[in-house]
Amino acid sequence: MNGFDENDAFEAAAPLSQRAMAARPQPYLDDLNPAQRAAVLALDGPVLMLAGAGTGKTKALTARIVHLLNTGKARPNEILAVTFTNKAAREMKDRVARMLGQVEGMPWMGTFHSISVKILRRHAELVGLKSNFTILDTDDQLRLLKQLIVAANIDEKRWPARMLAGLIDTWKNRAWTPQKVPASEASAYNNRGTELYDQYQARLRALNATDFGDLLLHVVTIFQTHPDVLAQYQRWLKYILVDEYQDTNVAQYLWLRLLAQSHRNICCVGDDDQSIYGWRGAEVGNILRFEKDFPGAEVVRLEQNYRSTPHILAAASGVIASNAGRLGKTLWTDRDEGEKVRLIGHWDGEEEARWIGDEVESLQRGTRGLEPHGLDDMAILVRASHQMRAFEDRFLTIGLPYRVIGGPRFYERLEIRDAMAYFRLAVSPDDDLAFERVVNTPKRGLGDKAQQEIQREARAHGVTLLEGARGLLARAGLGGKGAGQLRGFIEGVDRWHALTLTPHNHIALAEQILEESGYTDMWQNDKTPEAPGRLENLKELVKALEQFENLQGFLEHVALIMDNETEEAAQKVSIMTLHAAKGLEFPIVFLPGWEDGLFPSQRSMDESGLKGVEEERRLAYVGITRAEELCTISFAANRRVYGQWQSALPSRFIDELPEAHVDVLTPPGLYGGGYGAAGIASTSMDARVANANVYNSPGWKRLQDRASTRPVSQPREQRNVTIDLDAVSSFTLGDRVFHQKFGYGAVVAIEGDKLDVDFDKAGMKKIVARFVVAASQADDVPF
DNA sequence: ATGGCACAGCTTTTT
DNA sequence: GCTGTGCCAT
């Protein structure tokens, strides 16, 4: 499960016995279509596998790995397979393992970053690091930059640390070390970008630390400056496979090219139409240029789609056709025609959410010739995460179970980072960043003043912060109650550190640290609605430790591999961003918010112009091609944006949908049907005025012309409400309750299974009873 | 040292 | 409209 601790590619080479295994059966080839087979059989030389959405590229990729082994072309440790995400790496490993059986070693498979870490640990000294360097997360990085900014006397208000972090990230993505940043960038960050970048790198080196960008950059630097080291890897890694090639940035491109340039056995898989990460440095150019970079490359197109109906594919193809400079693919399928892509406009965002909620419920029952579908079969894909709120609110109100995919990563959460800092400190007491993070968390009366004293003491004696603090206490340089607290903190760290050096149960130790430090107590005494969730996360963290032998092992890997996928049994609708949806598929997909400015996003257009629109268009393509059976696109005339009502025109992408494959539904609000009237009544006067224009716009005119007369919204059936007697009977007026999202509140009305709750923070909400618990139960969430 | 208040800023996100 | 941040008053 972890990216790079297994599969050691550097073990002593085994004798070449594998070459004798050439005549193995090859059942995996029978499963492939002609294009896939061609991609698998072309083992030598550069290969570009252009794999459209849903065309079975992972299958082809894994078959290729197995074929390399089966034909005796390569031993497991001579194959390198690179992916972007841990999830993709895991999937590939699982599939290869299943096809190979347990007997032989596994090829080296992992993310760019995990593979880079492994290489870097072996050659750290070549870039001025020790091999046990730590990897900083974004938060550590930001705090470090802030220190530098303050020291450089720069107004942090006008020149935020985040801006500098973004800049450095961009430079690293382009494989620019401080020395290589071109002169044209000299004006960046108030003319001081390069200078601060240089200082930042020096600081990282002093801390024996790297950030994520460094992992790749350092490896590229090593390869470029030490030909002997590079040659060694080129000899080892005879066959290279790369997934999602369209998302590589310059640093990753160089990394690959350096490794592959001698033997040229590189197989890149990707889809130029699904390049959606330009804003974080991905260069579509890499895939478009492949044949130039690797002359004589074989290009294989996987075009048979096994996922979607013809209407869905045609709609997606119609949209993406407007992009220029594509490599070009024509997806086809032998599936039955199925439903057309549905298009519907709404009065406002809330109505859109209401409508989708109702649709989900009727699709659950099975309507319009579709079999009933479970909630796991349905997804709502939005452009920006703030769009999720409307759906969450609505679904909570009607009691529709949902899950939000994405959001803050588990290891990025405050409480997880705090806990990790304690663990880091226990393992290596000289970790100054960790010390800084938790010395006053929970509050120990050691504020800025005291911490500055510690810093000064440490710097004066050239020691770590922990030692500085010790020295300060020894010469009684710290007054007040802070001193006693600090002494307790230091004793704690010493005690925990001593324990890590003896045989111990690391899970018990972790619990002990969180207890003795007062960290668990801190959240137990916290009455905010988030506190129970945080305690829950801490429990999960401790549980995650089980998979490791000790704290060191855990910390070593956690920054790169920890994700927050928890398999839940209950059926739920998924809500996620279009970006998060890449690689996934659902029978039923809703694509709300197709309005100019929102999608395509205004900012993307402002910043990147035509290129921006093209990337947004690819996002639309990704969205539509997630759907297997039914795809519903919608937009709203009005939407509350940052609290202001705003009107928008239907997205330009809607105009690009080929009419023959689209079914235009009658908007419930516009024609007075359903609950439209209520929607209008709840809208402000301003919005209505603004809307008069919207409905006269060419977009709406077109819609009305094309609208079929068949209204989708049948008069609402009586919903089958299963009343949970336990839930209803357990609350009475005035009860204090707790809700995951809204926090604490009091029940002010009960109506069937629905409660009116006046929340302390969130105000009045109608809530289905099973979504709240009695407040008393929420208070003692055990740790 | 800390809690409260005013103010800015606000896509997408992996490692 | 909401949230996170920084400054000021306690």
Side-chain angles (χ1 to χ4, degrees), chain A residues 3-4 82-89 110-117 135-138 141-142 146 155-158 160-163 166 169 172-173 210-217 244 247-249 251-252 275-282 381-390 393 405-409 411-412 414 440 442-451 480-482 485 530 557-563 576-583 593 597-608 612 615-616 618-619 622-623 639-646 761-763:
Chain A
F4 50 86
V82 196
T83 63
F84 273 82
T85 62
N86 289 305
K87 200 172 144 199
T111 63
F112 275 102
H113 290 86
S114 67
I115 291 165
S116 297
V117 169
I135 303 161
L136 301 191
D137 64 21
T138 335
Q141 190 187 355
L142 231 42
K146 247 177 218 172
D155 179 6
E156 214 222 305
K157 269 261 169 66
R158 285 188 58 200
R162 282 181 51 185
M163 185 195 252
D169 202 47
K172 287 185 176 176
N173 284 340
T210 70
D211 60 20
F212 282 118
D214 279 342
L215 298 177
L216 291 157
L217 185 56
E244 306 277 16
D247 287 332
T248 47
N249 60 36
Q252 287 155 339
S275 168
I276 55 175
Y277 286 110
W279 50 272
R280 67 171 201 220
L381 312 182
V382 298
R383 175 64 183 85
S385 47
H386 63 77
Q387 289 173 262
M388 294 179 180
R389 242 195 103 120
D393 281 352
I405 306 216
R409 295 267 157 296
Y411 59 83
E412 283 171 4
L414 177 83
N440 199 30
K443 299 269 183 295
R444 295 191 177 91
L446 300 162
D448 281 349
K449 198 90 179 285
Q451 289 189 44
K481 44 186 179 257
Q485 292 259 44
E530 298 87 48
H557 296 147
V558 76
L560 291 175
I561 56 146
M562 198 146 169
D563 44 35
M576 68 187 94
T577 63
L578 287 161
H579 285 90
K582 194 162 91 156
L598 182 57
F599 187 43
S601 112
Q602 193 60 48
R603 188 150 159 191
S604 178
M605 294 189 286
D606 291 347
E607 282 175 7
S608 314
E615 180 151 316
E616 297 282 307
R618 291 193 289 268
L619 214 37
V622 167
R639 206 174 277 284
R640 234 197 308 232
V641 187
Y642 305 137
Q644 302 288 85
W645 279 100
Q646 284 188 7
K761 299 215 157 145

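Below, read A as the first sequence line, B as the second, and so on, with proteins coming before strands; counting in each chain starts at 1.
Backbone-only engagement by N440(A) is indicated by non-hydrogen atom pairs under 4.0 Å involving sugar-phosphate atoms exclusively. Contact annotation for E616(A): base contact, defined as any heavy-atom pair under 4.0 Å involving a base atom.
Between the CG atom of D211(A) and the C1' atom of dT14(B) there is a distance of 13 Å, given to the nearest Å. In this structure, Q644(A) places its CD atom 13 Å from P of dC2(C), rounding to the nearest Å. Remark: P of dT13(B) and CD of E244(A) are 15 Å apart, rounded to the nearest angstrom. For the pair R389(A) CZ and dG1(C) P, the interatomic distance rounds to 11 Å; values are reported in whole Å. Here dT11(B) presents its C1' atom at 12 Å from CG of D606(A), a figure rounded to the nearest Å. Distance NE2 (H386(A)) to C1' (dG9(B)): 13 Å, rounded to an integer number of Å. H113(A) has its NE2 atom 17 Å from the P atom of dT13(B), to the nearest Å. Distance, K87(A) NZ to dT13(B) C1': 14 Å, rounded to whole Å.
Taking every side-chain heavy atom of A450(A) into account, dA1(B) is the closest of dC2(C), dA1(B), dT12(B). Checking dT12(B), dT15(B), dT11(B) against every side-chain atom of T111(A), the shortest atom distance belongs to dT15(B). Closest to the N86(A) side chain, of the nucleotides dG1(C), dT15(B), dT13(B), is dT15(B). Taking only side-chain atoms of S604(A), from C-beta outward, the nucleotide of dT11(B), dT15(B), dG6(C) with the closest atom is dT11(B). Side-chain proximity of R280(A) to the nucleotides dG6(C), dT14(B), dT11(B) is greatest for dT14(B). Comparing dT11(B), dA1(B), dT13(B) against the side chain of R603(A) picks out dT11(B) as the nearest. Nearest nucleotide to the side chain of W279(A), out of dT15(B), dG6(C), dT13(B): dT13(B).
One finds a side-chain N or O of S385(A) lying less than 4.0 angstrom from the OP1 or OP2 phosphate oxygen of dT12(B). When the side-chain nitrogen and oxygen atoms of T577(A) are compared with OP1 and OP2 of dT13(B), one or more of them lie within a distance under 4.0 Å.
Side-chain to base pairing of R383(A) with dT12(B): one donor and one acceptor N or O lie within less than 3.5 Å of each other.
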Exercise. What's the verdict on salt bridge (charged side-chain N to carboxylate O under 4.0 Å, His left out) for D169(A) and R162(A), showing C-alpha distance, side-chain angles and the deciding distance?
Worked result: CA-CA 10 Å; D169(A) 202 47; R162(A) 282 181 51 185; over 6 Å; no
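Side-chain atoms of T577(A) and Q387(A), non-hydrogen and from C-beta on, never get closer than 4.5 Å to each other. In this structure, the side chains of V622(A) and L578(A) stay at 4.5 Å or more apart for every pair of heavy atoms.
Nucleotides of DNA chain B nearest to T85(A) and M605(A) differ in position, and the one nearer the 5' end is that of M605(A). For the pair R444(A) and R162(A), both in contact range of DNA chain B, the more 5′-proximal nearest nucleotide belongs to R444(A).
A stacking contact links Y642(A) to dC10(B): the aromatic ring centre lies within less than 5.5 Å of the base's six-membered ring centre, and the planes differ by less than 30°. The aromatic ring of Y277(A) does not sit over the base of dT13(B); the criterion of centres under 5.5 Å apart with planes under 30° is not met.
Proximity of the aromatic rings of Y277(A) and H579(A) is defined here by a centroid distance below 6.0 angstrom, and this criterion is met.
Crowding of Q602(A) atom CD: a count of heavy atoms from other residues, nucleotides or ligands under 6.0 Å exceeding 12.
Put simply, the side chain of D211(A) gets close to the backbone of D214(A): a donor and an acceptor are under 3.5 Å apart.
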